[in-house]
Amino acid sequence: MIKLGVNIDHIATLRQARRTFEPDPVTAASLAVLGGADIITVHLREDRRHIQDRDVRLLRETVFTKLNLEMSVAEEIVGIAIQTKPEQVALVPEKREEITTEGGLDVVSQKRVLDNVVKRLTDTGIAVSLFIDPEKGQIKAAKEVGAQFIELHTGNYANAKDADSRVKLTEKLKHGVTIARDLGLRANAGHGLTYQNVGFIVESLDVEELHIGHSIVSRSVFVGIQKAVQEMKDLIFRHSVAKHSSG
Ligand code: PXP
């Protein structure tokens, strides 16, 4: 079954609104794992707008499933990743003004820096995933810089205005997964996925992991994070069963 990575950044966003100690993303991670999260993801941003260094340290000590650290290629953050040794790093583009990650990494134009960063992380025993758009050139470049995984950006699919464009964008993602597989890359997907739109992705894409944050944390405000994660896991399970029984 597709694994679920739960991004808990926005638990920390709420804490940082008051710069206090609650709600604690470390507690949220434990409850998310109880709810069935296979992976815990946090994005240590250069401006520390939500996740703090202390969170990453404590999560490393307490997450025994899989810790996925989202990050830019900034030297300071690369140093923290090498010290912390999460099981996986997802490299993403990062702009200070953005509300969330906008678009995938441009691997083609940043090959030199990515070559260097991917090698240093891989040499430390960290699996490296590159968050990219489903473009052939970017996928090939991801392979060339030595990434083990790509995470295909599902944001455009999530924002599609009608069923027609949703289908077209899903075909593009599907094609991206095939290209990745043919090159020997492992494929994940994420961004903008919700309880409403995840089903079609599960039924259409053969990926290993889905990475979901905002929608799960939003639901957790009303039902608690353990239940919110359980509900997403159930959805992924039901759509996986439907896919395998129809195909
Ligand atoms: N994957 C990546 C690489 C991301 O940057 C994010 C957002 O932090 C997500 C997945 C999760 O996106 P969302 O919060 O829209 O579910």
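Nothing here was measured: the structure is a model prediction, and the numbers come from that model. Both counts, for ligands and for their atoms, begin at 1 and track the order of listing.
- Side-chain contact of Ser72 with Glu46: a donor-acceptor pair under 3.5 Å is present, judged by distance alone.
- Below 4.0 Å from some heavy atom of Gly192 lie the following atoms of ligand 1, by number and element: 12 (O), 13 (P), 15 (O), 16 (O).
- Annotation for ligand 1: atoms under 4.0 Å from non-hydrogen atoms of Val92 are 3 (C).
- For ligand 1, the atoms sitting less than 4.0 Å from at least one non-hydrogen atom of Ile212 are 16 (O), numbered in the order shown with element in parentheses.
- Using a 4.0 angstrom heavy-atom cutoff, Ala90 does not count as in contact with ligand 1.
- Checking Asn68 against Thr41 by side-chain atom types alone, a donor-acceptor pair falls below 3.5 Å.
- The His214 neighbourhood of ligand 1 comprises atoms 13 (P), 14 (O), 16 (O), with distances under 4.0 Å to a heavy atom of that residue.
- At a heavy-atom cutoff of 4.0 Å, ligand 1 is contacted by the side chain of Glu151 but not by its backbone.
- Numbered from 1 in the order shown, with element, the atoms of ligand 1 that lie under 4.0 Å from a heavy atom of Asn7 read 8 (O).
- Screening Lys3, Lys66, Arg60 for a salt bridge (charged side-chain N to carboxylate O under 4.0 Å, His left out) with Glu87, the sole residue that qualifies is Arg60.
- Contact atoms of ligand 1 toward His211: 10 (C), 11 (C) (distance under 4.0 Å to a heavy atom of the residue).
- Here Glu70 has side-chain heavy atoms under 4.0 Å from ligand 1, and that is the only part of it that gets that close.
- Not a single heavy atom of His43 lies less than 4.0 angstrom from ligand 1.
- Relative orientation of the His10 and His214 rings is perpendicular, given thresholds of 30° and 60° on the angle between their planes.
- A salt bridge does not link Arg186 with Glu151: none of the charged nitrogens is closer than 4.0 Å to a carboxylate oxygen.
- Using a cutoff of 4.0 Å between basic side-chain nitrogens and carboxylate oxygens, Glu61 and Arg57 are not scored as salt-bridged.
- Residue Met71 is tested with Val89, Ile51, Leu44, Ile80 for a side-chain contact (heavy atoms from CB on, under 4.5 Å); the sole match is Val89.
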